[in-house]
Amino acid sequence: MSNLQQEIQALKKSRNAVILAHTYQPSEVQDIADYVGDSYGLSVEANRTGADLIVFCGVQFMAETASILNPARKVILAEPDAGCPMADMIEADELRKLKSQYPDHLVMCYVNSTAEIKAESDVCCTSSNAVKIAGKLPEERGIIFVPDKHLGSFVQEKTGRKMVFWDGFCPIHQKINPDMINRARTDYPDAVLLIHPEAPAECRKLCDHVLSTGEMCSFVKTSDHNQYVIATEKGLLHTLKKQNPEKQFIALSDNLICPNMKKGSLLSVKKALEGSGGEVISVPADIAQRASFSLKNMLEMSR
Ligand code: 13P
Ligand code: SF4
């Protein structure tokens with residue numbers, strides 16, 4: 001263990017802290033985290049932890065979610081400038097306008113959204129539970145889905161629900177195109193192709209399975225196949241290799257890298273634990289209270 005890693009372990013103990021990291025974080029950060037997972041797993045961990053301090057290695061909306069779900073804990077986002085461009089593609093005023101146009105619709109927001117958007121929503125979802133939750137909403141009601149049009153179209157394909165989408169997208173998954181998939185099929189004819197639902201529909205339909213990052217991990221663990229092409233952010237390959245050292249993983253493209261997720265580093269984790277860096281998350285009480293309604297509905301409905 002390096003000196004920096006040792007210092008982080010000691011600080012973590014003395015501050016009774018827990019380190020939560022998304023699977024898109026750099027390998028060194030994943031390796032020192034207490035829990036590494038997808039957006040859903042991270043929200044469950046944040047909700048149940050008894051630690052005094054949560055150091056979040058991910059992006060803004062994830063740390064905000066942790067703080068809203070567990071307001072008694074102090075939450076520090078290790079990299080304060082790590083945002084999610086998709087979450088910033090819709091503002092609360094725009095959602096309010098959409099709601100007034102479709103007053104009989106329920107609002108389902110992807111967790112990749114700001115606290116203000118969650119506060120305006122009936123239920124939140126992640127990519128691993130969106131289909132399940134949409135299927136549980138009253139059939140006679142239409143669904144306004146924000147901000148990810150691709151995850152929204154995936155939910156519609158799977159549930160046949162009447163839905164209205166916002167024109168949001170993840171700039172990283174948006175880079176995936178059918179040529180990349182076709183090339184991977186030619187280069188790796190025996191591989192299983194796994195793709196994230198944030199990718200465009202014309203790419204999803206060319207792959208074998210459409211799975212969230214957490215679902216990809218579970219799928220690979222129990223599958224007999226040896227070789228996989230992974231169509232999502234590259235950080236997940238570290239998680240998959242670590243969990244399945246005997247299997248082979250190929251990134252669909254070396255360009256699928258989220259610059260915000262890659263801001264994370266051991267130094268920023270250390271500074272967050274010391275109290276000399278990172279951002280202490282503080283969501284205004286009225287917004288946090290309304291946003292916790294849609295988040296708790298999500299946790300309830302995904303059981
Ligand atoms: P999941 O962790 O739910 O698969 O979402 C991926 C993502 O883009 C997070 O920003
Ligand atoms: Fe946002 Fe996409 Fe980065 Fe996830 S991978 S944080 S959705 S920009």
Side-chain angles (χ1 to χ4, degrees), residues 20-26 29-30 33 35-46 56-66 77-90 108-114 117-118 124-134 145-152 154-155 166-176 194-200 203-204 207 209-220 230-240 243 251-264 295 298-299 302:
L20 306 183
H22 191 267
T23 47
Y24 294 165
Q25 285 284 299
V29 175
Q30 293 194 31
Y35 178 83
V36 180
D38 68 352
S39 304
Y40 178 67
L42 289 164
S43 66
V44 171
E45 283 302 309
F56 218 106
C57 305
V59 292
Q60 189 82 30
F61 75 80
M62 295 179 173
E64 259 181 16
T65 299
L77 176 62
E79 278 296 335
D81 296 332
C84 169
M86 167 155 60
D88 296 330
M89 285 180 188
I90 182 166
M108 190 168 171
C109 71
Y110 190 22
V111 72
N112 298 38
S113 57
T114 61
I117 294 297
K118 292 184 177 83
C124 190
C125 69
T126 71
S127 50
S128 66
N129 58 27
V131 170
K132 186 176 188 178
I133 291 176
F145 191 93
V146 295
D148 187 3
K149 62 179 174 185
H150 296 308
L151 179 62
F154 177 64
V155 171
W166 189 251
D167 190 21
F169 57 89
C170 163
I172 316 310
H173 290 88
Q174 181 80 7
K175 289 188 205 166
I176 300 175
L194 307 183
I195 192 164
H196 197 278
E198 284 177 17
C203 301
R204 294 196 306 257
C207 292
H209 301 280
V210 183
L211 301 169
S212 74
T213 58
E215 288 171 331
M216 286 186 193
C217 293
S218 311
F219 177 86
V220 168
I230 305 298
T232 190
E233 212 273 353
K234 232 186 137 187
L236 187 68
L237 271 86
H238 178 72
T239 329
L240 288 167
Q243 292 175 354
L252 178 73
S253 159
D254 287 335
N255 291 331
L256 298 180
I257 291 177
C258 173
N260 283 288
M261 284 286 187
K262 294 297 182 268
K263 286 177 181 163
L295 279 165
M298 169 185 85
L299 294 177
S302 27

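One-based numbering, in listed order, for ligands and for the atoms of each.
Residues E233 and H196 fail the side-chain proximity criterion, which asks for heavy atoms closer than 4.5 Å. With a 4.5 Å cut-off on side-chain heavy atoms, P85 and N260 count as touching.
A donor-acceptor contact under 3.5 angstrom links the side chains of T239 and Q30, judged on distance only. Between the side chains of Y110 and S39, no donor N or O sits under 3.5 Å from an acceptor N or O.
Considering only residues two or more places apart in sequence or on other chains, K263 meets the salt bridge (charged side-chain N to carboxylate O under 4.0 Å, His left out) condition with none of them. Shown here are the salt bridge (charged side-chain N to carboxylate O under 4.0 Å, His left out) partners of E64, two or more places apart in sequence or in another chain: there are none.
Of all the heavy atoms in P147 and N112, the pair that sits closest is CG-O, 3.4 Å. Contact between V29 and A21 at its shortest, heavy atoms only, is CG1-CB, 4.3 Å. Nearest heavy atom pair, residue A251 against residue K234, reads CB-CG, 3.9 Å. Taking both residues in full, the closest heavy atoms of I176 and A199 are given as CD1-CB, 4.0 Å, listed atom of the first, atom of the second, then distance.
Shown are the protein N/O/S atoms under 2.8 Å from atom 1 (Fe) of ligand 2, given by residue and atom: C84 SG.
Set against the non-hydrogen atoms of Y24, the atoms of ligand 2 under 4.0 Å away are 5 (S).
E198 counts as a contact of ligand 2, since one of its heavy atoms falls under 4.0 Å from the ligand.
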Contacts table for ligand 1: protein N or O within a distance under 3.5 Å of ligand N or O, distances only.
unit_1	atom_1	unit_2	atom_2	d
ligand 1	2 (O)	H22	NE2	2.7
ligand 1	2 (O)	S39	N	3.0
ligand 1	2 (O)	S39	OG	3.2
ligand 1	2 (O)	T213	OG1	3.1
ligand 1	3 (O)	S39	OG	3.3
ligand 1	3 (O)	S127	OG	2.8
ligand 1	4 (O)	S127	OG	3.2
ligand 1	4 (O)	H196	NE2	2.8
ligand 1	4 (O)	T213	N	3.0
ligand 1	4 (O)	T213	OG1	2.9
ligand 1	8 (O)	E198	OE1	3.3
ligand 1	8 (O)	E198	OE2	3.0
ligand 1	10 (O)	N112	ND2	3.3

